[in-house]
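A short worksheet on the structure shown next.
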Amino acid sequence: MTKKEIAFIRSLHQKKSRQMYGKFLVEGDKLVNELLASDYKVDAIYHLENWKPSVSRTNFSTFIVSKEELNKISTHENPDQVLAVAPIKINTVENTRPMTGGLYLACDGLNDPGNAGTIIRIADWFGIKKVFFAHSSVDVYNPKVVSAAKGSLFRTECIYTDLAQLFTENTELKVYGAVMAGENIYQAALNQNAFIVIGNEANGISRELLPFIQQNISIPSFGKAESLNAGVAAGIIVSEFKRRTDLK
């Protein structure tokens with residue numbers, strides 16, 4: 001690899017370069033094969049000589065690299081055989097309106113890449129097709145988010161938008177807020193056509209969104225833990241919504 005190629009790929013470790021070039025990285029055998037099986041475009045794949053894809057697809061460039069070169073371009077301490085460069089999917093504001101019935105997640109100022117990746121994975125597991133992110137949230141094409149999502153990023157539409165505008169334009173969907181002191185989710189009435197708002201890990205749901213929250217819900221504690229992280233809380237809440245659907 002040339003120094004220029006290495007510098008370009010390494011630049012994609014940073015958000016500003018991902019936004020500038022409209023590209024992101026996918027790393028490791030499993031995730032690259034998930035990428036190849038999706039409808040995402042692929043620009044190039046850099047791999048060790050003995051790596052072979054399990055998905056048949058040829059509309060991209062491939063380059064055999066040494067282990068030393070892979071170490072230079074990877075974000076991982078011990079990279080797994082292969083790295084891909086792919087174009088970011090641009091989801092426009094038109095994707096936020098009008099919304100049809102269904103359950104959607106809305107992340108308000110979510111900062112932690114692990115939580116974001118987990119929430120995308122939860123959405124994929126429970127069949128939620130769209131996850132909305134406030135512009136202040138972490139970049140879903142951050143390598144740590146891509147890794148934590150375990151391939152679910154390629155099957156879930158992630159949309160950055162003004163959440164207040166989203167709720168204003170979709171008044172037929174109820175807005176639930178996940179908070180510490182809300183109504184017990186196991187006892188609350190749950191509308192299956194709704195947004196579930198997951199707030200910032202430290203500060204919760206932002207003040208400007210509070211007027212849009214129609215019902216606060218919480219997960220009751222049966223022990224002494226101070227709190228649950230955002231990803232775990234989202235999983236429990238969505239599971240209860242889906243359980244109610246199955247009981248009907």
From [atom1] ([X]) to [atom2] ([Y]), nearest 0.5 Å:
| X | Y | atom1 | atom2 | result |
| --- | --- | --- | --- | --- |
| I128 | S152 | CD1 | OG | 11.5 Å |
| F212 | I205 | CZ | CD1 | 12.5 Å |
| E157 | Y104 | CD | OH | 10.0 Å |
| T156 | I120 | OG1 | CD1 | 7.0 Å |
| S239 | K242 | OG | NZ | 10.5 Å |

Measure from the side-chain N and O atoms of [X] to the backbone N and O of [Y], and report whether any donor-acceptor pair falls under 3.5 Å.
| X | Y | answer |
| --- | --- | --- |
| S137 | A134 | yes |
| H13 | I73 | yes |
| Q81 | W51 | no |
| S221 | G223 | yes |
| E208 | A164 | no |
| T118 | G231 | no |
| Q192 | F241 | yes |
| N193 | G102 | yes |

In terms of hydrophobic clusters joined by side-chain contacts under 4.5 Å, are [X] and [Y] together?
| X | Y | answer |
| --- | --- | --- |
| L105 | V145 | yes |
| M20 | I6 | yes |
| V146 | Y160 | yes |
| M1 | L83 | yes |
| F24 | F63 | no |

| Taking the inter-plane angle between the rings of F132 and F195 on a 0 to 90° scale, is it parallel (under 30°), tilted (30 to 60°) or perpendicular (over 60°)? | perpendicular
| task | Return the orientation label for the Y21 and F8 ring planes: parallel under 30°, perpendicular over 60°, tilted otherwise. | result |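 Perpendicular.
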| Test side-chain contact (heavy atoms from CB on, under 4.5 Å) applied to S38 - qualifying residues, sequence neighbours left out |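 Only L35, Y40, F154 meet the side-chain contact (heavy atoms from CB on, under 4.5 Å) criterion with S38.
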Does any part of the side chain of [Y], heavy atoms only, come nearer than 4.5 Å to the side chain of [X], both counted from C-beta?
| X | Y | value |
| --- | --- | --- |
| I237 | I219 | yes |
| H47 | I64 | yes |
| R18 | N142 | yes |
| Y46 | V85 | yes |
| K41 | D43 | no |

| query | Out of V42, V26, L31, T58, which one pairs with L36 under the side-chain contact (heavy atoms from CB on, under 4.5 Å) rule? | reply | V42
| task | Please determine if E240 and R243 form a salt bridge, counting it only when a charged side-chain N lies under 4.0 Å from a carboxylate O. | result | yes
| said: Between R155 and E34, does any side-chain N to carboxylate O distance fall below 4.0 Å? | reply: yes
Listed pairs under 3.5 Å, donor-acceptor, residues 173-184 side chains, sequence neighbours left out:
| residue | atom | partner | partner atom | Å |
| --- | --- | --- | --- | --- |
| K174 | NZ | Q215 | OE1 | 2.7 |
| Y176 | OH | A189 | O | 3.4 |
| Y176 | OH | N191 | N | 2.6 |
| E183 | OE1 | Q215 | NE2 | 3.0 |
| N184 | OD1 | Y186 | N | 2.8 |

| message | Out of the candidates K144, E27, R10, only one should pair with T75 under the side chain to side chain donor-acceptor pair (under 3.5 Å) rule; please name it. | response | E27
